[in-house]
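Note sheet for the following structure.
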Amino acid sequence: MRSPGSKSGSWGSRARIPRTFRIETALSSSCVRLSGRESLRVFSMHRWSKLFIPTLREAPADAEVASHKFLLRAGYIRQLGAGIYNYLFLGQRSLNKIIAIVREEMDKIGQEFYLPGILPRDAWEESGRWTGMGDNMFRLKDRKGADLCLGMTHEEIMTSIARNELRSYKQLPQIWYQIQTKFRDEPRPKGGLLRVRQFIMKDSYSFDLDKTGLDRSYELHDEVYRRIFTRCGLKFVAVEAHSGSMGGSHSQEFMVYTDAGEDLIASCPECGYAANLEKATSRLETVAEMEPTGDGKPELVQTPGCAAIADVAAFFRISPASDIKCVAYMALKRGAGGAPDRWHGVAAFLRGDHQVNETKLLGAIGAAELRTMQAEELTQYLNGPAGYLGPVGLSPDAEPLGAGLTVVVDKALAGRGNMVCGANKLDHHLRNVTPGRDFGWTLSADIRSVNEGESCPRDGCKGKLVVGKAVEVGHIFKLGYKYSESMGARVLDENGKEVTPIMGSYGIGIERILTAAIEQSNDANGFWLPPSIAPFTVVVTVTNMADAALRETGEAIAAELEAAGLDVLLDDRNERAGVKFKDADLVGIPYRINVGKKAATGQVELVTRKLSSGAKAGPEMPAAGSEDVTLSDVLIRLKEHLEEEELLLASS
RNA sequence: CGGGGAGUGGCUCAGCCUGGUAGAGCACCUGGUUCGGGACCAGGGGGUCGGAGGUUCAAAUCCUCUCUCCCCGACCA
């Protein structure tokens with residue numbers, strides 16, 4: 001078909017293809033030839049000598065975490081700006097493999113869309129997130145002065161499609177997804193691809209008629225996510241998570257343990273309980289209460305210089321667990337329906353040996369931001385200096401003291417008695433203070449972080465929690481009605497009644513999968529990726545290109561493996577063997593075939609990178625994880641290895 | 001945004017304190033010798049010393065402003 005306007009015929013039009021065009025299979029390669037002369041396919045085989053794989057002997061000084069260093073050294077990425085990276089050949093190849101897996105699995109439950117990355121302001125106004133997203137959103141104006149932003153997530157856009165198109169319960173459920181570039185103006189990008197300002201995300205959205213439907217869509221995602229991460233070779237855990245600014249009731253994060261991670265996970269080795277620290281709870285041992293002194297009522301005690309918990313505990317000869325500490329914040333509440341945002345005071349009270357979890361606190365009071373109070377604000381809201389703040393005498397939400405102050409008491413203080421707390425007076429504390437009897441609060445909530453060694457919160461479990469760092473690679477949310485309601489998506493149910501669809505939202509960070517995989521499998525020399533996401537499955541290293549016999553053997557093996565459907569990289573560079581080995585160890589390819597001296601006797605070496613980790617190899621000493629294989633067995637043996645890996649994954 | 005650090009050839013860094021007109025190793029190019037764990041010899045190319053302004057006979061070096069990047073914190077689907 002040719003469009004009416006194109007007289008000469010557009011590119012790809014049949015009539016314009018030269019008469020000499022033909023497809024032929026060359027002996028050594030399957031090249032498509034143009035005019036019988038020019039090869040259209042430059043890479044009939046991936047030859048290292050022709051590729052751009054800029055490996056670095058040394059990592060740039062500003063790379064800190066392992067994956068960052070190795071991604072740079074292996075020539076996967078190059079930095080363009082803070083949190084902005086170029087993905088080069090190997091990096092892009094690996095990402096493509098990850099994307100292919102994600103797509104293949106997602107296609108089982110959802111339909112792929114492709115939404116714009118640049119978005120008009122309107123959609124964001126409706127949900128209230130134009131302002132709600134704050135500085136994390138990249139904003140720009142078009143030539144007419146209209147506001148636009150770069151997409152950081154697509155709930156609004158997907159919901160607008162649903163609102164415009166979905167009319168009947170018969171059209172539900174729907175699961176729509178996309179694999180798309182996201183932009184977030186992170187305050188502090190870091191760790192190479194760990195936290196960046198532009199990244200690829202698979203995001204999906206479900207629309208269901210009711211809660212049962214949502215549960216189903218959520219379960220489907222849970223299942224598919226586990227398959228995706230398993231196929232990508234990640235050792236992951238699913239943990240209970242905080243929903244953050246997304247809103248919603250239930251959410252679960254998929255985490256990979258690594259010290260490079262930014263999240264803290266509490267888990268129980270006994271029962272498998274696992275939760276993000278922003279969400280985790282624990283069962284506390286009961287604390288032996290102190291005997292009341294005097295008449296048992298709150299008593300003012302002079303405590304000069306005891307501003308720190310440790311000082312107070314020492315002064316009273318008590319455990320910090322019997323002290324009540326105060327952390328005072330100013331909290332920002334977003335104005336609803338065009339009302340201005342407003343800062344107000346929040347006093348959080350908790351056990352002296354406990355730490356405030358600001359995410360939990362934010363959730364408890366429904367605020368968007370927190371900052372600690374300045375000295376003047378402490379005086380204004382609590383009439384006390386830092387170090388001597390206490391809950392007694394505060395009248396929440398009443399004039400004059402504590403006006404507008406929200407008093408939040410941690411759940412761990414419930415049922416306690418005869419404690420010590422600040423007296424809101426310099427160098428003074430109160431003892432014999434009992435929550436409920438001696439002071440009240442605006443709300444009582446779990447606002448503390450659990451500590452390692454505390455008891456698992458699950459009934460009947462005697463395990464002790466351990467806390468570890470992890471990277472988040474995926475997150476699934478039960479969103480509820482937040483967007484469908486605010487944006488007015490409605491369908492008619494079977495009774496002809498208008499109902500609001502209930503939504504879920506589900507994300508996977510594509511680069512994070514690569515990063516996490518590298519973090520979990522690296523040594524001093526480089527890293528190794530699972531075959532499923534490695535840019536190449538195997539590198540055929542010809543140890544001496546000057547030797548025609550070796551060269552030909554290498555070519556033959558590479559051709560054979562490629563014909564069998566494997567991704568093969570032939571290292572045909574005119575480099576010394578040592579250089580090639582070092583590079584091969586560095587760039588993440590899981591298998592290597594050394595074509596060297598033994599080729600004369602019909603043998604090559606098959607090296608499994610992960611088994612050679614950390615082992616020293618010398619001229620006379622084969623690398624660990626290396627096995628001699630006859631030429632005719634190379635393919636079979638390699639396939640056996642690959643099958644083993646898959647079995648291993650499936651069983652984990 | 002607060003605190004700390006760094007910008008000198010592609011990479012790692014020295015030179016800066018005490019101003020005199022830019023260096024090393026690696027990488028790159030040419031020739032030769034090597035050729036299984038990042039070879040050696042000889043020759044060669046490449047740097048507005050992040051940018052702007054100032055002081056000075058003279059600035060990589062001293063002063064002021066500024067930009068960028070990294071780390072810690074704040075922040076964070």
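Just so it is clear, the structure is predicted and the values come from calculations on it, not from any experiment. Chain letters run A, B, ... following the sequence lines, proteins first and then strands; every chain starts at 1.
- Contact record, Glu511(A) with Gln198(A): OE2-O, 4.3 Å, taken as the closest heavy-atom pair.
- For rG38(B), the base has no donor-acceptor partner in the side chain of Glu58(A) [N/O atoms by modelled type, under 3.5 angstrom].
- Ala546(A) comes within 4.0 angstrom of no nucleic acid atom, judged by non-hydrogen atoms across all strands.
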Side chain to side chain contact (heavy atoms under 4.5 Å, CB included), that's the test. Do Ile101(A) and Ile513(A) meet it? Break it down for me. CA-CA 11 Å; Ile101(A) 291 173; Ile513(A) 292 181; over 6 Å; no

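- Each of Arg195(A) and Gly83(A) was matched to the nucleotide of RNA chain B holding its nearest heavy atom; the match closer to the 5' end belongs to Gly83(A).
- The side chain of Lys597(A) contributes an N or O atom lying less than 4.0 Å from OP1 or OP2 of rG36(B).
- A distance of about 45 Å separates the C1' atoms of rG38(B) and rC65(B), rounded to the whole Å.
- A donor-acceptor contact under 3.5 Å links the side chain of Arg73(A) to the base of rG38(B).
- Rounding to whole angstrom units, CG of residue Asn544(A) and C1' of rG36(B) are separated by 10 Å.
- Under the Watson-Crick or G-U wobble criterion, with both distances below 3.5 Å, rG31(B) is paired with rC41(B).
- Here rC11(B) sits opposite rG25(B) as a Watson-Crick or G-U wobble pair (both hydrogen-bonding atom distances under 3.5 Å).
- Comparing the C1' positions of rA27(B) and rA39(B) gives a spacing of 15 Å, expressed to the nearest Å.
- In this structure, the nucleotide among rU12(B), rC76(B), rC70(B) sitting nearest to the side chain of Asn136(A) is rC76(B).
- At the phosphate of rC70(B), OP1 or OP2 sits under 4.0 Å from a side-chain N or O atom of Gln79(A).
- Contact annotation for Glu64(A): backbone-only contact, meaning every heavy-atom pair under 4.0 Å involves sugar-phosphate atoms and none involves a base.
- Glu472(A) comes within 4.0 angstrom of sugar-phosphate atoms only, judged by non-hydrogen atoms across all strands, and of no base.
- Between rC49(B) and rU21(B), the distance separating the two C1' atoms is 12 Å to the nearest Å.
- Of the N and O atoms on the side chains of Glu358(A) and Tyr329(A), at least one donor lies less than 3.5 Å from an acceptor on the other residue.
- The two residues Tyr506(A) and Ser206(A) have their closest heavy-atom pair at OH-OG, 2.7 Å.
- Here rC62(B) sits opposite rG54(B) as a Watson-Crick or G-U wobble pair (both hydrogen-bonding atom distances under 3.5 Å).
- Sequence order on RNA chain B of the closest nucleotides to Leu80(A) and Val579(A) puts Val579(A) first from the 5' end.
- Taking atom C1' in both rU8(B) and rG25(B), one finds a spacing of 15 Å when rounded to whole Å.
- When the C1' atom is compared between rA59(B) and rG54(B), the two are found 11 Å apart, to the nearest whole Å.
- Taking the C1' atom of each, rG15(B) and rU61(B) are spaced 9 Å apart, rounded to whole Å.
- Comparing rC76(B) with rG4(B), their C1' atoms are spaced 22 Å from each other, to the whole Å.
- When both distances must be under 3.5 Å, the Watson-Crick or G-U wobble mate of rC69(B) is rG5(B).
- Nearest nucleotide to the Arg188(A) side chain, out of rC71(B), rG37(B), rG36(B): rC71(B).
- Comparing atom distances between the Lys190(A) side chain and each of rA27(B), rC69(B), rG73(B) picks out rG73(B) as nearest.
- Pairing for rC75(B) is absent, judged as Watson-Crick or G-U wobble with the two contacts each under 3.5 Å.
- If you take atom P in rC17(B) and the same atom in rA6(B), they sit 16 Å apart, rounded to whole Å.
- Nearest approach of Arg73(A) to Ala524(A), heavy atoms of both residues: NH1-O, 4.4 Å.
- Gly526(A) comes within contact range of no nucleotide atom at all, as no heavy-atom separation falls under 4.0 Å.
- Aromatic rings of Phe113(A) and Tyr205(A) (six-membered ring for Trp) have centroids beyond the 6.0 Å cut-off, not under it.
- Residue contacts shown for Tyr205(A) include a base, since a base heavy atom lies under 4.0 Å away.
- Residue Arg576(A) places none of its side-chain N or O atoms closer than 4.0 Å to OP1 or OP2 of rU34(B).
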Is there a salt bridge (Lys or Arg N to Asp or Glu O under 4.0 Å) between Arg163(A) and Glu156(A) once you walk through the steps? CA-CA 10 Å; Arg163(A) 170 186 58 194; Glu156(A) 281 82 355; over 6 Å; no

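- Nearest nucleotide to the Ala82(A) side chain, out of rG37(B), rC70(B), rA74(B): rC70(B).
- Here rG38(B) is the nucleotide among rG36(B), rG38(B), rA74(B) with the atom lying nearest to any side-chain atom of Arg57(A).
- Under 3.5 Å, the side chain of Arg592(A) and the base of rG37(B) form at least one donor-acceptor pair of N or O atoms.
- Across all strands, Met201(A) comes closer than 4.0 Å to base atoms (heavy-atom distances).
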Show, in sequence, the C-alpha distance, side-chain angles and deciding distance for Arg129(A) and Tyr483(A), and conclude whether the side-chain hydrogen bond (donor to acceptor under 3.5 Å, both in side chains) test is met. CA-CA 10 Å; Arg129(A) 288 209 293 182; Tyr483(A) 300 93; 2.9 Å; yes

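- Checking rA74(B), rC69(B), rC35(B) against the side-chain heavy atoms of Asp62(A) singles out rC69(B) as nearest.
- With hydrogens and angles ignored, a donor-acceptor pair closer than 3.5 Å exists between the side chain of Asp583(A) and the base of rG38(B).
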